[in-house]
Amino acid sequence: MTEEDRLLLIDLKQNTQHLFGLYHQLEQENKVLQEELEALRNKIESLEQERLELGQKNEQLKIANQLLSGKDENMEAKQKINKLIREIDKCIALLNK
C-alpha cells in the first residue's frame, strides 16, 4: 500500500465517521421533532374539544339570555326548549317499549 493510498484510506475513514456523526445527530433531531409533533397534535385535539364545549356553552347561554330578556326572542327560545322536550319524550317512549 502506497503512502497516497494510506492517506486516502485515512481520509475516507474520517469522512465516514463524520457522516455517521451527522446521521446520529439528525436521528436525534428527528426524534425530538417527532415528540414535539405528537405534543402539538395532542394540544390541537385538546383545543378542538375545548372549542366544541365552549360552543355548546355559548348556545346554552344564548337560550338562557333569550328566556331572561323578555322580548320577542322568547318565542324562539321556547320553541327550542319545546323541541328538546319532544326529543326527550321520544327517547323515553322508546325506552319504555
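Computed from a predicted structure; not experimentally measured.
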Should Glu36 and Leu40 be marked as a side chain to side chain contact (heavy atoms under 4.5 Å, CB included) after you check the CA-CA gap, both sets of side-chain angles, and the distance that decides it?
-> CA-CA 6 Å; Glu36 186 178 329; Leu40 289 172; 4.3 Å; yes
With a 4.5 Å limit on heavy-atom distance, are the side chains of Glu59 and Lys62 in contact?
-> yes
Say you draw a straight line from CG of Leu94 to CG of Asp89; how long is it, rounded to the nearest 0.5 Å?
-> 11.0 Å
Looking only at atom types and distance, does a side-chain atom of Asn96 sit under 3.5 Å from a main-chain N or O of Ile92, one as donor and one as acceptor?
-> yes
Going through the distances and angles, do Ile81 and Ile85 end up as a side chain to side chain contact (heavy atoms under 4.5 Å, CB included)?
-> CA-CA 6 Å; Ile81 291 173; Ile85 291 172; 3.8 Å; yes
Decide yes or no on side chain to side chain contact (heavy atoms under 4.5 Å, CB included) for Arg86 and Lys83, but give the supporting numbers first.
-> CA-CA 5 Å; Arg86 284 192 301 275; Lys83 180 181 177 185; 3.8 Å; yes
Donor-acceptor pairs under 3.5 angstrom involving side-chain atoms of residues 43-50: please list them, not counting sequence neighbours.
| residue | atom | partner | partner atom | Å |
| --- | --- | --- | --- | --- |
| Glu48 | OE1 | Arg51 | NE | 3.3 |
| Glu48 | OE2 | Arg51 | NE | 3.4 |
| Glu48 | OE2 | Arg51 | NH2 | 2.5 |
| Gln49 | NE2 | Glu53 | OE2 | 3.4 |

Which pairs of donor and acceptor atoms, one on a side chain in residues 15-22, lie under 3.5 Å apart (sequence neighbours left out)?
| residue | atom | partner | partner atom | Å |
| --- | --- | --- | --- | --- |
| Asn15 | ND2 | Asp11 | O | 3.4 |
| Thr16 | OG1 | Leu12 | O | 2.7 |

Side-chain contact test, heavy atoms from C-beta onward, threshold under 4.5 Å: evaluate it for Gln25 versus Gln28 and give yes or no.
-> no
side-chain contact (heavy atoms from CB on, under 4.5 Å) with Arg6: which of Ile10, Thr2, Leu8?
-> Ile10
Distance in Å, Asn58 CG paired with Gln56 CD, rounded so as to fall on 0.5 Å steps = 11.0 Å
Separation between CG (Leu9) and CD (Gln14), nearest 0.5 Å, reads 10.5 Å
